Amino acid sequence: MTDSRSAASVRTAPHRIPLLGHAMSLRRDPLEFMRSLRDHGDMTRIFVGTRPVHVVNSPELVRRVLVVEARKFDKGAMFDELRAHIGNGLVTSSGDFHRRQRRLAQPAYHPERISRYADHMSSRADQMSRSWRPGSTLDIGREVDRLVRANFFDALFEPAPPPETMAAIEQWLSVKHRAMRRALSPLPPSAARVLARRSDDEPHGRLRHLIAQRRGLADSGDLMSMLLLARDPRTGEHMSDAEVCDELLTLFVAGIGTVSAALSWTCHELARHPTVDERLGTELRSVLAGRLPTAADVAELHYTRRVLQEVLRLHPVWLLMRRVVAPVEVGGVELAPGDEVFFSPHALHRDPVLYPEPDRFDPDRWREERRAGLPRGAFLPFGAGNRLCVGEGFAWTEMTMVVATIMARWQLVPARRHKVRARVGTVVRPTTLVMYPVPRPRGAAR
Ligand code: HEM
């Protein structure tokens, strides 16, 4: 292109501090900071310490990075660091190896496969919600988190591994949670981050043992069978034991916190929007008529889907990143290998040009006629392109099963004077959600 310009010519966002760059703004209010960058154009430059990073702010440019020129990017420096914690699974790997692992992992997420897990999900949600008592105080975030973990391990392991293995995984996850938040933080490294890298590799031995025991056995219907049995159609190869172990560790960190955050936000939004909640209740009564949901209901629960879409619009991941591996032009700017690019689904999803009244919770904005004008790349809760979330179908099914099961029975009322804020980590979660369940009235279906 004749009119393209160099990366150095991109305008730097205001409030850069020598040596710290924009670290203070990122630390103070990362969501507001990412939103504010929109005001400086489709591409702007920030500094993480002394390191320059290009931030792209429009659906077109984000799509260019994620889809059109995807092969010219890998995931970047923070994922190199994350690899030290969770190995070289789908989230952290790149290039040919990532393509191969993706081919091998993909069949595990086939809709037919996922529909098998759906019944377990709704029956677990049913069990949990039957244990609630009208008017009792609930920490909804914690309830939902427990449920999502149980659902996930049901889907991953059939039969369940020995309790010591489960305990080691849970322990590892709680240690890794903090370490990952640091690894994926755009803030400059700290001593704590270096310390966090030194971790126990407790579950690895136990997982390898489990893998060795399960090798050669028939498909038991779980996700792990698929990882063990998958064959690369090009080479006929299976994943090695070490590769399966890395993929399992990757799934623990990618498939639990994300769903649990989305479901917690759903409870929060429904509790704050009684009209939406009532319409949801009406749909659930009419479609389910008192029975538990199954995978076949996902396509029929139209309003439930819109509610979840709106939750994912308002509360997506706040930051994703890439690193250039081959020269590439983005928005008229020439980027060179090593250059880093950030983008924020949160900022895109709150852009008033794309979404009028962007802070309003309005599931009807996802009606066919209203969403028609939305450009591609404007809604990215699961990313896009070759790194699109491999668990997207799983997540939709799980969210639908859980919401449909719980909300068919209960309305959630927030505790008075209980203030909820967004807590920004690798995902954005609500702070503690204190609520009272109230039995949903059994009115006639509309
Ligand atoms: C509401 C729930 C979820 C959300 C919002 C979510 C979001 C995302 C996003 C945005 C990415 C792309 C990251 C990037 O482009 O850098 C991603 C990738 C990924 N997700 Fe999810 N995810 C969810 C649930 C799940 C579940 C349930 C699983 C597993 C069962 C999962 C496994 C993965 C994996 C393995 C990747 C890496 C894919 C690759 O790079 O090839 N996710 N997820």
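Remember, it's 1-based here, ligands and their atoms both numbered in the order they're listed. Nothing here was measured: the structure is a model prediction, and the numbers come from that model.
A distance below 6.0 Å separates the ring centres of H22 and F33. Aromatic ring centroids of Y109 and Y117 lie 6.0 Å or more apart. Between Y303 and W366, the distance separating the two ring centers is not shorter than 6.0 angstrom.
At a 4.0 Å cut-off, at least one heavy atom of R322 sits close enough to ligand 1 to count as contact. Heavy atoms of Q101 stay at 4.0 angstrom or farther from ligand 1.
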Going through the distances and angles, do W265 and H315 end up as a ring pair (Phe, Tyr, Trp, His ring centres under 6.0 Å)? CA-CA 7 Å; W265 283 118; H315 308 287; 3.7 Å; yes
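Heavy atoms of K75 found under 4.0 angstrom from ligand 1 belong exclusively to the side chain.
The shortest heavy-atom contact between L90 and E247 is N-OE1, 3.0 Å. The two atoms that bring L61 and M43 nearest to each other are CD1-CB, 4.5 Å, heavy atoms only. Of all heavy-atom pairs between V259 and A395, the closest is CG2-CB, 4.3 Å.
Ranking protein heavy atoms by distance to atom 36 (C) of ligand 1, first place goes to V91 CG2, 3.7 Å. Looking at atom 6 (C) of ligand 1, its nearest protein heavy atom turns out to be F382 CD2, 3.7 Å. In terms of protein heavy-atom proximity, atom 26 (C) of ligand 1 is closest to G255 CA, 3.5 Å. Given atom 12 (C) of ligand 1, the protein heavy atom at minimum distance is R387 O, 3.5 Å. Here the protein heavy atom with the shortest distance to atom 33 (C) of ligand 1 is A254 CB, 3.7 Å. From the protein, the heavy atom lying nearest to atom 38 (C) of ligand 1 is R102 NH1, 3.4 Å. Atom 8 (C) of ligand 1 has as its closest protein heavy atom C389 CB, 3.7 Å. Remark: minimum distance from atom 24 (C) of ligand 1 to any protein heavy atom is reached at T258 OG1, 3.4 Å.
The contact set between ligand 1 and F152, taken as ligand atoms under 4.0 Å from a residue heavy atom, comprises 30 (C). Atom numbering of ligand 1 starts at 1 in the shown order; those under 4.0 Å from a heavy atom of Y109 are 30 (C). Close approach to A395 involves these atoms of ligand 1, each under 4.0 Å from a residue heavy atom: 2 (C), 24 (C). Interface atoms of ligand 1 facing H98, defined by a heavy-atom separation under 4.0 Å, are 39 (C), 40 (O), 41 (O). Less than 4.0 angstrom separates some heavy atom of F394 from each of these atoms of ligand 1: 27 (C). Near G383, meaning under 4.0 Å from any of its heavy atoms, are these atoms of ligand 1: 10 (C). Every atom of ligand 1 with a heavy atom of L251 under 4.0 Å away is listed here by number and element: 29 (C).
Salt-bridge check for R64 with E329: passed, with a basic side-chain N closer than 4.0 Å to an acidic carboxylate O. Ion pairing between a basic and an acidic side chain is recognised when a charged N comes within 4.0 Å of a carboxylate O; D126 and R409 show such pairing.
Atom 35 (C) of ligand 1 has its nearest heavy-atom neighbour, among V390, V427, V65, in V390. Counting heavy atoms only, P381 comes closest to atom 10 (C) of ligand 1 of the residues G393, A384, G391, P381.
Ring geometry, F252 versus W172: the interplanar angle exceeds 60°, so the pair is classed perpendicular (tilted spans 30 to 60°).
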